[in-house]
K.L.:
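Here's a structure for you.
The first residue of the sequence shown is numbered 1, and numbering continues consecutively from there. Hydrogens, waters and symmetry mates are skipped; everything else that's a heavy atom, side chains included, is used. Atoms within a ligand are numbered from 1 in the order they appear, just like the ligands themselves.
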Amino acid sequence: MEIKIVKTDHPAQKPDAATLGFGKIFTDHMFVMEYSHEQGWHDARIVPFGNISLHPASTVLHYGSEIFEGLKAYRRADGKVQLFRPMENIRRMNNSAERLCLPQINEEDGMQILDTFVSLEQDWVPAAEGTSLYLRPFLFGNDETLGVHAVHNAVFMLIASPVGSYYKEGINPVKIMIEDEDVRAVRGGTGYAKCGGNYAASNRAGQRAEEKGYSQVLWLDGVERKYIEEVGAMNVMFKIDGEIVTPKLTGSILPGITRKSCIEVLKEEGYTVHERLLSLEELEKALRDGKLEEAWGCGTAAVVSPIGELRYRDEVFTINNGEIGEVTQHLYDTLTGVQWGKIADTRGWIHPIG
Ligand code: PLP
Ligand code: COI
């Protein structure tokens, strides 16, 4: 694939690592290409970062035909830049595209786009502890008509944002509220796809939790509101009576790459990991019997995020005295160790740039 590059005349000053939040600052360039039924993907280019112009009837603005991905570029101590399991993101984006009737991208082209873009922007990958360059590929339907149907035109873009450590002071346990009214996704719906609409639908519950002093919600399944699904925009795992339990991928759960990596590390190390249905009733019983030893969310942005408190209606349960547990800490150390190149990559997870 040929990628045209138009460099900016006004490169921005790189931000101070201390001022990095999440997704507030963007790099100098962005990748764009268009799709039409007739031409397929075309006009692949990297151009100066800036606003885009859309027809007011563009599909994405009316019917939410949008999918995205999230992965990071990490700077190693020796200065080199690397990605973590990027092919997993490309494949998941294509699965999301299939669900939303959006065009897919050839896997090799996807890798070439990531390689070319990150290589051009590599000075933007911060070096301070816990920082990285968050990459946000996204793809949207762009027919200029109000008819409801699978699109004939689409746009794929890639932008990047230098980000800090997800938490202000290391990895602090968070307080989570169990949500039994709104649901994030239903089986047969779009839960397994990373589409913008899933996030729009989850904001009301997230906002209600925040108003009560909680960071996020624990989602239950959309049919019976009986089984645990995810935590906020992360997958969730529990250590119950010495064994690891995580909800199985039923179709309404996003197949997280961090989730998959945690399972692989834990199994390699001899832990018993169950991917199965986990009911709220079983979780409550484990909490009451003192058998819920650890709980954590996992996702690219935070890597792992320990859950220190769970609230269900008016009842509050503390987990592991509100402290990070041993397995949670170990997973954090192992995954971040490989991502920043402090631990040897024995699993073929690392994709070097350049
Ligand atoms: N679940 C949801 C709903 C997400 O948005 C994410 C974030 O990407 C995850 C889980 C975790 O996925 P990953 O580990 O691939 O980042
Ligand atoms: C994650 O990386 O864990 C996320 O959920 C990303 C979020 C900003 C959508």
Side-chain angles (χ1 to χ4, degrees), residues 20-26 66-74 83-96 99 114 130-139 159-167 171 174 176 179 182-187 189-203 205-206 215-222 228-237 246-266 275 296-307 328 331-332 334-336 338-339 349 351:
L20 297 173
F22 183 81
K24 293 186 293 193
I25 300 161
F26 295 92
E66 192 264 357
I67 57 172
F68 66 96
E69 270 304 324
L71 69 162
K72 288 170 169 176
Y74 306 86
L83 306 180
F84 182 73
R85 311 190 81 175
M87 192 52 93
E88 297 282 339
N89 292 91
I90 294 171
R91 292 189 177 135
R92 186 170 64 188
M93 195 173 81
N94 280 337
N95 288 337
S96 301
R99 179 64 184 84
L114 286 172
T131 64
S132 56
L133 183 67
Y134 183 77
L135 305 171
R136 169 54 62 87
F138 59 109
L139 199 167
I159 55 175
S161 169
V163 297
S165 164
Y166 206 67
Y167 295 103
I171 47 170
V174 292
I176 299 294
E179 171 66 38
D182 287 1
V183 296
R184 191 191 81 91
V186 294
R187 233 164 285 170
T190 56
Y192 70 87
K194 207 161 161 67
C195 64
N198 290 345
Y199 300 78
S202 72
N203 281 337
S215 301
Q216 257 305 341
V217 300
L218 188 69
W219 296 108
L220 300 178
D221 77 277
I228 310 295
E229 298 233 308
E230 300 201 51
V231 61
M234 284 188 268
N235 295 115
V236 68
M237 296 190 168
T246 189
K248 72 169 179 180
L249 304 175
T250 50
S252 46
I253 293 176
L254 191 84
I257 295 154
T258 317
R259 173 188 183 278
K260 185 173 177 174
S261 307
C262 287
I263 293 172
E264 286 171 33
V265 167
L266 290 168
E275 292 181 66
W296 64 92
C298 50
T300 297
V303 190
V304 295
S305 165
I307 300 171
T328 316
L331 285 172
Y332 182 82
T334 307
L335 295 191
T336 58
V338 174
Q339 287 163 342
W349 284 351
H351 177 87

K.L.:
Going from CD1 on Ile67 to SG on Cys195, what distance comes out if it is rounded to the nearest 0.5 angstrom?
P.N.:
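Reported to 0.5 Å precision, the distance equals 8.5 Å.
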
K.L.:
Give the numbers and elements of all ligand 2 atoms closer than 4.0 Å to a heavy atom of Ala233.
P.N.:
3 (O), 4 (C), 5 (O)

K.L.:
Please evaluate residues Arg184 and Glu229 with respect to the criterion salt bridge (charged side-chain N to carboxylate O under 4.0 Å, His left out), reporting the C-alpha separation (whole Å), side-chain torsions for both, the decisive distance (0.1 Å), and the verdict.
P.N.:
CA-CA 9 Å; Arg184 191 191 81 91; Glu229 298 233 308; 5.8 Å; no

K.L.:
Is there any N or O on Gly299 that sits under 3.5 Å from an N or O of ligand 2?
P.N.:
no

K.L.:
Taking the basic N atoms (NZ, or NE/NH1/NH2) and the acidic carboxylate oxygens, is any pair closer than 4.0 Å for Arg259 and Glu230?
P.N.:
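No, no charged N to carboxylate O under 4.0 Å.
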
K.L.:
Is Met234 close to ligand 2, meaning an N/O of one under 3.5 Å from an N/O of the other?
P.N.:
no

K.L.:
With a cut-off of 4.0 Å, which atoms of ligand 2 are near a heavy atom of Thr300?
P.N.:
1 (C), 2 (O), 3 (O)

K.L.:
Run the numbers on Asn198 and Leu254 for side chain to side chain contact (heavy atoms under 4.5 Å, CB included), then give the verdict.
P.N.:
CA-CA 10 Å; Asn198 290 345; Leu254 191 84; 5.9 Å; no

K.L.:
Go through the structure and list residues passing side-chain hydrogen bond (donor to acceptor under 3.5 Å, both in side chains) with Tyr134, not counting sequence neighbours.
P.N.:
Arg136

K.L.:
If we ignore hydrogens and angles and just use 3.5 Å, is the side chain of Thr131 paired with the main-chain N or O of Val163 as donor and acceptor?
P.N.:
no

K.L.:
What residues come within 4.0 Å of ligand 1, counting heavy atoms only?
P.N.:
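Lining ligand 1: Arg92, Arg184, Lys194, Tyr199, Glu230, Ala233, Met234, Asn235, Leu254, Gly256, Ile257, Thr258, Cys298, Gly299, Thr300.
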
K.L.:
Within the 4.0 Å heavy-atom shell around Phe22, which atoms of ligand 2 are there?
P.N.:
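Answer for ligand 2: 8 (C).
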
K.L.:
For a side chain to side chain contact (heavy atoms under 4.5 Å, CB included) check, start with the C-alpha distance between Val265 and Leu335, then their side-chain angles and the critical distance, and finish with the verdict.
P.N.:
CA-CA 9 Å; Val265 167; Leu335 295 191; 4.2 Å; yes

K.L.:
Judged by atom type as modelled, is there a donor-acceptor pair below 3.5 Å linking the side chain of Thr246 to the main-chain atoms of Val236?
P.N.:
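Side chain of Thr246 to backbone of Val236: a pair is present.
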
